[in-house]
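This chain uses plain numbering: 1 for the first residue, then up along the sequence. This one's a predicted model, so the numbers in the text were calculated from it and none came from an experiment.
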Amino acid sequence: MNRAQMRTSAFAAVAVLAGSLLAACGSDSGAGGGTGSASGGGGGGDVQNAKVAFLMPDLASTRYELQDKPLFEARMKQLCPSCEVIYQNADSDAAKQQQQANSALAQGVKAIVIDPVDSAAAATIVKSAQAQQVPVIAYDRPIPATPADYYISFDNEKIGSLIAQSLVDHLKAEKAEGGILQVNGSPTDAAAGLIKKGIHSAVDPSGFKLLAEYDTPDWQPEKAQTWVSGQITQFKDQIVGVVAANDGTGGGTIAAFKAAGVKVPPVTGNDAEVAAAQRIIAGDQYNTISKPIKIVAEASANVAYEFMQGKKPAGKTQLYNTPSELFVPTVVTKENIKEVLFDSGIMKAADVCAGEYAKGCAELGIQ
């Protein structure tokens, strides 16, 4: 299978998953029967006017406010027009997220969907909720220490391996000589740990020396930029590529090279943010990961609604002793950005191709 066929096949797989999910959305049963760790006492019976909490982790990634929240709310409104979504963002503060969860429980929510700031600290939230028979759906990031009732995400370890292998293949094709920097995500985020593991699975056997790596506190782009700036001073032109775990840290990495006045090497990303798409079109960022947030946002709403009705949906797999559903992401580079992000309708040219990006979009046929 050639590389173009592989890209088409990967995109088709995501499309099939999305189609299957949308088909499942047509009924209240969603993920089907099975077992969960909560008794379902928080749900059951009439769910009219019920409340569900949607607790997101930070503002450093723009996706939570712009995509996850409205997509989850829209799907819940379809499932239960009279239900109320209690949305909170912890702004990278684990203690604040604990307070938000406590407040949601005090308001009588029938389910909690949570993307934890700190995967270890979130175990307390799971225990508190389950003690009140309120099911917990871990969203995007797992909670390893205390199993939630369900986990929905894209396959984070696969994300790490895909972005890193894409970079390694590109460097080999370019006959690059030198080493790689690795900019990981937050050390308190279990999903970041899975991405990190996936990155190492591709970088370690690649033949390129891993010059240094860094766990970025709270995924902050500014902290990634500061660390990369120090590495540029130390390693100079030995750096031939950077594996950054998401688009924010990738953007911080690129900013560091530009501030140093040196050529930006290929840099990875993840999340397919608008700014990342623009950087790829401009040639500043090498890749990102398309993981349509609509898929996980709607899937989590479906599962939450099942729990709220007293059902116990079974997962497609198990991760950290938690029934789970893990969707497959797609690597995006300049070669396939039009197909994956624009032809699919995930992004609109009007949102990406203004001003300095208009020429690059035109050259790629994005309009």
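Residue pairs meeting the ring pair (Phe, Tyr, Trp, His ring centres under 6.0 Å) criterion with at least one partner in residues 121-147, sequence neighbours excluded, are Phe54-Tyr139.
A distance-only check finds a donor-acceptor pair linking the side chain of Thr249 to the backbone of Asn246 [under 3.5 Å]. Proximity of a side-chain donor or acceptor of Ser206 to a complementary backbone N or O of Phe208 within less than 3.5 Å is detected. Panel note: side chain Ser166, backbone Ala164; no donor-acceptor pair is recorded below 3.5 Å. In terms of modelled atom types and a separation under 3.5 Å, the side chain of Thr268 and the main chain of Val243 share no donor-acceptor contact. Panel note: side chain Tyr151, backbone Leu326; no donor-acceptor pair is recorded below 3.5 Å. Remark: side-chain polar atoms of Tyr150 are paired, donor with acceptor, to backbone N or O of Ala314 under 3.5 angstrom. Panel note: side chain Thr233, backbone Ser229; a donor-acceptor pair is recorded below 3.5 Å. Side chain of Glu298 to main chain of Arg75: no donor-acceptor pair is present (N/O by atom type, distance under 3.5 Å, no hydrogens or angles). No side-chain donor-acceptor contact under 3.5 Å links Lys175 to the backbone of Lys172. A distance-only check finds no donor-acceptor pair linking the side chain of Arg279 to the backbone of Asp284 [under 3.5 Å].
Looking at every heavy atom in both residues, Val303 comes nearest to Pro313 through CG1-CG, 3.8 Å. Considering all non-hydrogen atoms of both residues, Thr146 and Ala123 come closest at OG1-CB, 3.4 Å. Across every non-hydrogen atom of Pro57 and Gln97, the tightest pair is CA-NE2, 4.1 Å. For Cys83 against Val47, the heavy-atom pair with the smallest separation is SG-O, 3.3 Å. Annotation for Val113 and Ala304: closest pair CG2-CB, 4.0 Å, computed over non-hydrogen atoms. Across every non-hydrogen atom of Leu55 and Ile86, the tightest pair is CD2-O, 4.4 Å.
Taken to the nearest 0.5 Å, the CD atom of Gln231 stands 10.5 Å off from the OG1 atom of Thr253. Atom-to-atom distance recorded for Thr226:OG1 and Gln220:CD is 10.5 Å, nearest 0.5 angstrom. For the atom pair SG (Cys80) and NZ (Lys51), the distance works out to 13.0 Å, reported to the nearest 0.5 Å. One finds the NE2 atom of His200 at 3.5 Å from the CD atom of Glu213 (value rounded to the nearest 0.5 Å).
Hydrophobic clustering (ILVMFWY, side-chain heavy atoms < 4.5 Å, transitive): Leu162 and Leu210 are in one cluster. Tyr357 and Val352 are members of different hydrophobic clusters when ILVMFWY side chains are connected at heavy-atom separations under 4.5 Å. Note on Val274: it clusters hydrophobically with Val332, by side-chain heavy-atom contacts below 4.5 Å among ILVMFWY residues. Ile295 and Leu71 fall within a single hydrophobic cluster, where Ile, Leu, Val, Met, Phe, Trp and Tyr are joined by side-chain heavy atoms under 4.5 Å apart, directly or via other members. Both Val183 and Leu211 are assigned to one and the same hydrophobic cluster, defined by single-linkage of ILVMFWY side chains at heavy-atom distances under 4.5 Å.
A salt bridge does not link Asp91 to Lys96: none of the charged nitrogens lies less than 4.0 Å from a carboxylate oxygen. The residues Asp149 and Lys312 are annotated as not salt-bridged, no charged nitrogen and carboxylate oxygen being separated by less than 4.0 angstrom. Between Lys197 and Asp204, no side-chain nitrogen of the basic residue sits less than 4.0 Å from a carboxylate oxygen of the acidic one, so the salt-bridge criterion is not met. The pair Lys263-Asp237 does not count as a salt bridge, with every side-chain nitrogen at least 4.0 angstrom from each carboxylate oxygen.
Between Asn321 and Pro147 the shortest side-chain heavy-atom distance falls below 4.5 Å. In this structure, the side chains of Val296 and Asp140 stay at 4.5 Å or more apart for every pair of heavy atoms. Side-chain contact between Val52 and Met76 is present, with heavy atoms from C-beta onward closer than 4.5 Å. Residues Val328 and Phe154 have side chains not in contact (no heavy-atom distance under 4.5 Å, counting atoms from C-beta outward). In this structure, the side chains of Pro142 and Ser153 stay at 4.5 Å or more apart for every pair of heavy atoms. Considering only heavy atoms from C-beta on, Ile159 comes within 4.5 Å of Asn156 through its side chain. The side-chain heavy atoms of Ile114 and Ile143, taken from C-beta on, include a pair separated by under 4.5 Å. Looking at Ile112 and Pro135, their side chains never come closer than 4.5 Å, going by heavy atoms from C-beta outward.
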**OP:** Might you work through the side-chain contact (heavy atoms from CB on, under 4.5 Å) test for Cys353 and Ile366, ending with a clear yes or no?
**Re:** CA-CA 8 Å; Cys353 298; Ile366 300 170; 3.8 Å; yes

Subject >> Test log, rule side-chain contact (heavy atoms from CB on, under 4.5 Å), inputs Ile280 and Tyr286 >> reply: CA-CA 6 Å; Ile280 290 173; Tyr286 178 66; over 6 Å; no

**OP:** Any chance you could lay out the side-chain contact (heavy atoms from CB on, under 4.5 Å) test for Ser61 and Glu273, step after step, and finish with the verdict?
**Re:** CA-CA 9 Å; Ser61 298; Glu273 294 182 348; 4.0 Å; yes

Subject >> Intermediate values then yes/no, side-chain contact (heavy atoms from CB on, under 4.5 Å), Ile152 and Phe327 >> reply: CA-CA 8 Å; Ile152 292 178; Phe327 297 99; 4.3 Å; yes

**OP:** Test Gln182 against Asn184 for side-chain hydrogen bond (donor to acceptor under 3.5 Å, both in side chains), laying out the working first.
**Re:** CA-CA 6 Å; Gln182 183 171 327; Asn184 303 311; 2.9 Å; yes

Original post:
After noting the C-alpha distance and the side-chain angles of Gln165 and Asp169, does the key distance pass the side-chain hydrogen bond (donor to acceptor under 3.5 Å, both in side chains) rule?
Top reply: CA-CA 6 Å; Gln165 192 62 55; Asp169 290 345; 2.9 Å; yes

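More than 12 heavy atoms of other residues, nucleotides or ligands sit less than 6.0 Å from atom NZ of Lys334. Within a 6.0 Å radius of CD in Gln367, no more than 12 heavy atoms belonging to other residues, nucleotides or ligands are found.
Here Tyr214 pairs with Trp227 under the ring pair (Phe, Tyr, Trp, His ring centres under 6.0 Å) rule; sequence neighbours left out. Residues satisfying the side-chain hydrogen bond (donor to acceptor under 3.5 Å, both in side chains) test with Ser103, not counting sequence neighbours, are Gln107.
Each of Asp58, Thr188, Asp189, Asp247 was compared with Trp219 under the side chain to side chain donor-acceptor pair (under 3.5 Å) criterion, and only Asp189 meets it. Shown are Lys69, Glu65, Glu73; of these, the side chain to side chain donor-acceptor pair (under 3.5 Å) with Tyr87 is made only by Glu65.
Using modelled atom types and a 3.5 Å distance limit, the side chains of Thr333 and Asn287 yield no donor-acceptor pair. Using modelled atom types, one finds a donor on one side chain and an acceptor on the other under 3.5 Å when comparing Asn102 with Gln98.
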